[in-house]
Each structure stands twice: as C-alpha cells, then as structure tokens.
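Inspection log for the structure reproduced underneath, given as structure tokens.
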Amino acid sequence: MSEALDSLLDLLDLERIEQDIFRGRSRSAVVPRVFGGQVAAQALVAAGRTVPADRPAHSLHAYFLRLGDPGAPIVYSVDRIRDGRSFTTRRVVAVQHGKPIFHLSASFQVHEEGMDHQAEMPSAPDPDTLPTAAEMLPRYADRFTDPLMVDRLLEAREAVDLRYVDAPPFATAGEPREPRSQVWFRTVGKLADDPLLHVCLATYVSDMTLLDSVLLAHGRGGWALGDVVGASLDHAMWFHRPFRADEWLLYDQQSPSASGGRGLGQARIFTADGQLAITVIQEGVVRIPRS
C-alpha cells in the first residue's frame, strides 16, 4: 500500500467520541475548502459504523450546505432513522463551528436475490494504455496561472490512479466539446475486503470529475484555470453490484443540462468486466466569474 493511500485511509478512519457521534479531520485540497468527496465519504463511514456488517450501502443522497474549513475538525452526528427487516436508514449531519455543513441520508440492505438487468458498458480504451496523472498534468503546466497548480493536483490524487480517456477540461479551454467525459480510476494499492471501505472510497473519487462534462460543453477549463467558480450542491449515488475500488473502474460521465448558474452531471461506474456498479448524479453551482 502506498503512503498516500495509507494517509487517505487514516483520514476515513473516524474517531468515535460518543455512541453515534464521530470526529474527522481534513486534508489539503486543490481549492481552499474541504473537498466534497472527503466529507461525503466520511459521513458514509459514520453511517456505516452504526449498521450491521451484513447490510451494505445501496444508496446515498446528500446536500452540501456550507463550505468546509480544512483547518477545523468535522463532527458527524448519526441519527438511526430506521432498522427494518431488510433495510436500514441513517441520517448524518456534519457540523463545523456549530453549524451544519453537510447532510447525508444513506440506506443499507441485506443481500437479496431478484430480477437483474443493466445498461451496456460503453466502449473505452484499456486504462493501462492511458497516461497517468504524473505523465499528463505537467504537459499543461503553462495553462495554469498558479505555478504550484500541477503539484497541488498531483498531491490531491496521490492515493488514486485516475486516468482521462480524453483531454480534461483545462487542456481544451476555449473549445466547446460534447458534454461527456470518461476516466478510469482505482486506488494506488490494495485494500482490505471490507465492502463499506470500497463504497466509501468510490464516494470519495466520485466528486473529483463529475462536473467536467458541464465545463466541456461551454469550453471552460474549470476551477484550476479560474474561468468558472462553483461548488457541489447535492450528490446522489446508487450502489447496484459489488465492486472493488482497488481494481479499475470506468467513470462514464455526461451533462444533460446547465441553467440558472447550476450544472447537472450524471454518470455510471462500471467494473472492468462490464458490470454496472454505481449510478451517480450531482448538481453544482457553475458560474462565470464577474469581471
């Protein structure tokens, strides 16, 4: 296991300070606030630790309420909404400085047999043929006004091997493209066989690139270039089939709409052998900076 992945796993290993109250800390992010994927993953960890191990998560619905302060701890309070025969529901509120910054509802289910069908996996090149972040990002160093941006982006992705199928938004800024983006990802190192851990790591990664397709439609480079400002508003995920976050996953993303200063991203995550593992939808604030 890499040192970066070990650090990320430590970040997700929340401190229990009461029966249903946990405390987490933050790590540096590309933007000067808590990374949304981090708080979502930590909240799901908190919820999952109050649920029997034989009930994996099957969905989450979340709202980002306030920007998180990376220099302060985050307290996660879990409300045990329901414990049924098949389903368990939890609500989590993340608090900083006495105010809620994030709200999550998650549902867990015992394993059941039932009807089974899925969408077909889209075509994508073999991830091993694509450049790594360390190979790709330095090519675009001259596009960033911040001379440390490449290092900051690499640091943010040290624990995750994330490879773009096509050029990322900052590589083609000024050139509108089809509002679709694909990336392959997996953790940099093997993980334990805890299903909750794999779900939480996929949740963490899911917030990294989902709104890229919104930017592509308008030829915008994104937060790293400063030609848009914004933040995640809400986030929903459905976990359909078992998967491992330490094995290649294809994140196929698109944007059906942007209006009113908001952009919508929707995506499907497939295992390398074509199983539809996760569906993701997110809306975010996406605004053109005022001159």
Are any side-chain N or O atoms of [X] and backbone N or O atoms of [Y], one a donor and one an acceptor, separated by less than 3.5 Å?
X    : Y    : value
S7   : E3   : no
R16  : Q19  : yes
R163 : P127 : yes

Sequence-distant partners of D234, salt bridge (charged side-chain N to carboxylate O under 4.0 Å, His left out), two or more places apart:
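D234 satisfies salt bridge (charged side-chain N to carboxylate O under 4.0 Å, His left out) with no residue once adjacent residues are dropped.
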Among residues at least two apart in sequence or on other chains, which ones pass salt bridge (charged side-chain N to carboxylate O under 4.0 Å, His left out) with R23?
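So R23 forms a salt bridge (charged side-chain N to carboxylate O under 4.0 Å, His left out) with E15.
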Hydrophobic side-chain clustering at under 4.5 Å (ILVMFWY, transitive links): who's grouped with W248? Put none if nobody.
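Traced through the cluster, W248 reaches M121, L130, V165, W184, L250, F270, L276.
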Walk me through whether Y251 and S206 qualify under side chain to side chain contact (heavy atoms under 4.5 Å, CB included).
CA-CA 8 Å; Y251 199 6; S206 69; 3.6 Å; yes
Assess whether side-chain hydrogen bond (donor to acceptor under 3.5 Å, both in side chains) is satisfied between S2 and E158, documenting all intermediate values.
CA-CA 9 Å; S2 70; E158 281 183 316; over 6 Å; no
Indicate, with yes or no, if F22 and V95 share a hydrophobic cluster defined by side-chain heavy-atom contacts under 4.5 Å among Ile, Leu, Val, Met, Phe, Trp and Tyr.
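Per the 4.5 Å side-chain linkage, V95 and F22 are not co-clustered.
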Is it true that V93 and L60 fall in one hydrophobic cluster, defined by side-chain heavy atoms closer than 4.5 Å?
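No: no chain of side-chain contacts under 4.5 Å links V93 to L60.
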Less than 4.5 Å apart, any side-chain heavy atom of D227 and any of L215?
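Sidechains of L215 and D227: no contact.
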Salt-bridge contact D116-R241 (side-chain N to carboxylate O under 4.0 Å)
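R241 and D116: salt-bridged.
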Tell me whether D20 is salt-bridged to R49, with the criterion being a basic N under 4.0 Å from an acidic carboxylate O.
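No salt bridge links D20 with R49.
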Enclosure of Y164 OH (heavy-atom neighbours >12, cutoff 6.0 Å)
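Atom OH in Y164 is crowded, with more than 12 foreign heavy atoms closer than 6.0 Å.
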In terms of heavy-atom contacts, does CZ of R91 have more than 12 from other residues, nucleotides or ligands at under 6.0 Å?
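Counting neighbours around CZ of R91, 12 or fewer heavy atoms of other residues, nucleotides or ligands fall under 6.0 Å, so no.
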Report the C-alpha distance between R25 and D13 in whole Å, list the side-chain angles of each, state the deciding distance to 0.1 Å, and finish with yes or no for salt bridge (Lys or Arg N to Asp or Glu O under 4.0 Å).
CA-CA 10 Å; R25 54 187 177 80; D13 187 17; over 6 Å; no
Carefully, step by step, assess D69 and H97 under the rule side-chain hydrogen bond (donor to acceptor under 3.5 Å, both in side chains).
CA-CA 9 Å; D69 175 3; H97 305 303; 3.0 Å; yes
Starting from the C-alpha separation in whole Å, work towards a yes-or-no answer on side-chain hydrogen bond (donor to acceptor under 3.5 Å, both in side chains) for H111 and Q109.
CA-CA 6 Å; H111 174 73; Q109 181 191 12; over 6 Å; no
